*Asks:* 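Below is one structure. I have some questions about it.
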Amino acid sequence: MLVYLNKGLVPASDAKVSVFDHGFLYGDGIYETMRVYDGVVFMLDEHVKRLYRSASRIRLGIPKNIAEIKSAIYETLKANSLRNAYVRLTVSRGYGPIGLDPELCKEPTFVIIADEFREYPEKYYKNGIKLIIAGTRRNLKEAVNPQIKSLNFLNNILAKIEAKQKGAYEAVMLNARGYLTEGTICNIFFVTPHIPPLSRGGRGGVLCTPSVDCGILDGITRKIILESAAANGLKIKEGKFKKDDIYNASEVFITNTTMEVMPVCKVDGKRYKVGPITKLLRGEYKKQVMNYSGGGSVMRKVLPLPS
Ligand code: PLP
């Protein structure tokens with residue numbers, strides 16, 4: 001495997017970062033995870049834009065421009081002959097003496113890791129996954145804004161530990177005011193039960209998701225789902241929700257770049273079926289992936305298309 005480190009590709013065994021890197025010492029850095037379908041990086045522009053937004057929020061200068069980042073990603077994919085892959089792009093504050101001052105680090109560390117994408121087990125999509133509402137609260141947006149996709153994941157890891165201890169796959173965190181926010185690596189959606197007279201029209205319920213101001217990462221998958229729900233005539237509510245709203249829901253699902261749309265079968269003691277709206281939106285997401293061509297032309301230049 002070849003890894004892109006700072007200025008170019010190196011064998012994975014030589015892709016080493018200093019113990020003085022502030023990414024390692026303090027979690028001072030940012031990242032993006034992308035998904036590659038049939039040689040094309042899905043939503044590449046959106047990921048790169050978010051990388052720059054995260055960087056600007058922590059006053060980190062990215063050592064490459066947008067075009068250079070895109071070509072470094074495709075160079076890494078090409079070098080590893082990858083067509084269905086994940087890409088993890090990390091930019092840390094870089095090497096510097098001990099101390100929190102960002103100016104101690106002269107050069108950011110820039111890393112791209114790409115490898116074959118191993119699908120999640122099919123049963124996760126067929127039956128749904130178990131989720132808990134964690135006791136760990138999501139970082140206050142006024143403290144560490146979750147919109148910064150940072151290397152500092154301890155908040156989420158603490159919630160994940162709780163989930164594992166309770167035999168669940170994912171944990172959703174509340175914010176300090178007790179409103180639902182997001183999972184440890186995903187956004188959350190749920191559907192309110194069919195309430196007359198909407199249910200008489202056949203498609204009742206409202207698709208609900210915590211709003212960005214609850215303190216969440218504005219997921220790229222979340223945005224696609226909201227747009228496709230609107231295009232399909234679903235009622236949508238982005239807002240502030242409590243635990244009970246999810247307990248009373250008829251369907252629950254989570255979203256992120258690699259999971260796509262993953263149904264939830266249980267939240268704490270409450271059970272759910274994989275419902276029609278989850279299935280509809282999962283199908284719509286798949287269609288978007290199939291029809292996506294952004295970056296395709298770049299890819300054709302660097303990778304031979306399958307015969
Ligand atoms: N929320 C958190 C905390 C995440 O880490 C992620 C993805 O890593 C998401 C939400 C979903 O974001 P996206 O759909 O852009 O992958």
Side-chain angles (χ1 to χ4, degrees), residues 27 29-37 41-55 57-58 73 85-91 113-114 117 119-120 129 131-134 136-141 143-163 169-175 179-190 207-229 238 241 246 252-264 278 281-282 284-286 288-289 292 294:
I30 52 164
Y31 81 101
E32 281 293 321
T33 303
M34 289 157 261
R35 181 76 166 82
V36 183
Y37 297 96
V41 185
F42 188 57
M43 308 301 281
L44 178 55
D45 282 337
E46 288 72 7
H47 282 284
V48 175
K49 276 187 210 147
R50 189 170 63 188
L51 184 79
Y52 274 90
R53 284 203 301 279
S54 295
R57 285 188 162 109
I58 68 162
I73 291 172
Y86 73 84
V87 173
R88 156 88 190 214
L89 194 164
T90 307
V91 189
I113 300 169
F117 183 73
E119 299 287 343
Y120 288 95
I129 54 107
L131 210 147
I132 59 152
I133 298 185
T136 304
R137 296 289 169 116
R138 187 73 176 113
N139 283 334
L140 260 186
K141 67 177 195 293
V144 183
N145 191 339
Q147 283 200 69
I148 303 167
K149 205 161 163 46
S150 93
L151 300 184
N152 202 313
F153 250 67
L154 216 40
N155 180 214
N156 316 44
I157 291 167
L158 290 171
K160 180 77 178 181
I161 290 170
E162 281 188 58
Y169 184 69
E170 240 302 20
V172 169
M173 291 169 276
L174 303 174
N175 66 18
Y179 293 110
L180 291 165
T181 63
E182 61 184 340
T184 64
I185 55 161
C186 58
N187 291 116
I188 182 143
F189 288 82
F190 58 93
L207 180 70
C208 301
T209 194
S211 54
V212 173
D213 67 359
C214 290
I216 62 166
L217 179 76
D218 46 348
I220 291 167
T221 322
R222 175 183 181 277
K223 184 160 180 275
I224 297 174
I225 292 304
L226 286 172
E227 284 168 1
S228 114
E238 280 181 79
F241 301 101
I246 211 164
V252 182
F253 62 88
I254 55 178
T255 62
N256 82 12
T257 295
T258 55
M259 292 169 167
E260 305 171 338
V261 174
M262 191 176 275
V264 171
T278 309
L281 294 170
R282 177 159 169 71
E284 291 296 306
Y285 189 82
K286 287 267 180 219
Q288 294 240 8
V289 165
Y292 186 79

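Order of appearance sets the numbers: ligands from 1, and atoms from 1 within every ligand. Note that these values count all heavy atoms, side chains included, but never hydrogens, waters or copies made by symmetry. Only a predicted model underlies this, so the values are computations on that prediction, with no experimental measurement involved.
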*Asks:* State yes or no: are the ring centers of F241 and F190 separated by less than 6.0 Å?
*Replies:* yes
*Asks:* For the ring pair Y86 and F117, is the centre-to-centre distance below 6.0 Å?
*Replies:* no
*Asks:* Residues two or more places apart in sequence or in another chain: which of them pass side chain to side chain contact (heavy atoms under 4.5 Å, CB included) with R282?
*Replies:* Y125, E260, V261, K286
*Asks:* Pairs under 3.5 angstrom, nitrogen or oxygen on both sides, ligand 1 versus protein: list them out, please.
*Replies:*
{"unit_1": "ligand 1", "atom_1": "1 (N)", "unit_2": "E182", "atom_2": "OE1", "d": "2.7"}
{"unit_1": "ligand 1", "atom_1": "8 (O)", "unit_2": "K149", "atom_2": "NZ", "d": "2.7"}
{"unit_1": "ligand 1", "atom_1": "14 (O)", "unit_2": "I220", "atom_2": "N", "d": "3.3"}
{"unit_1": "ligand 1", "atom_1": "14 (O)", "unit_2": "T221", "atom_2": "N", "d": "3.0"}
{"unit_1": "ligand 1", "atom_1": "14 (O)", "unit_2": "T221", "atom_2": "OG1", "d": "2.6"}
{"unit_1": "ligand 1", "atom_1": "15 (O)", "unit_2": "R50", "atom_2": "NH1", "d": "2.9"}
{"unit_1": "ligand 1", "atom_1": "15 (O)", "unit_2": "R50", "atom_2": "NH2", "d": "3.0"}
{"unit_1": "ligand 1", "atom_1": "15 (O)", "unit_2": "I220", "atom_2": "N", "d": "2.8"}
{"unit_1": "ligand 1", "atom_1": "16 (O)", "unit_2": "T257", "atom_2": "N", "d": "3.0"}
{"unit_1": "ligand 1", "atom_1": "16 (O)", "unit_2": "T257", "atom_2": "OG1", "d": "2.6"}

*Asks:* Can you list the residues that meet the side chain to side chain contact (heavy atoms under 4.5 Å, CB included) rule with N152, with sequence neighbours excluded?
*Replies:* S150, L154
*Asks:* Would you verify whether the NZ or CZ of R50 falls within 45 degrees of the ring axis of Y52 while also being under 6.0 Å from that six-membered ring's centre?
*Replies:* no
*Asks:* Which donor-acceptor pairs under 3.5 Å do the side chains of residues 209-217 make with protein atoms, sequence neighbours left out?
*Replies:*
{"unit_1": "T209", "atom_1": "OG1", "unit_2": "I188", "atom_2": "O", "d": "2.6"}
{"unit_1": "S211", "atom_1": "OG", "unit_2": "D213", "atom_2": "OD1", "d": "2.6"}

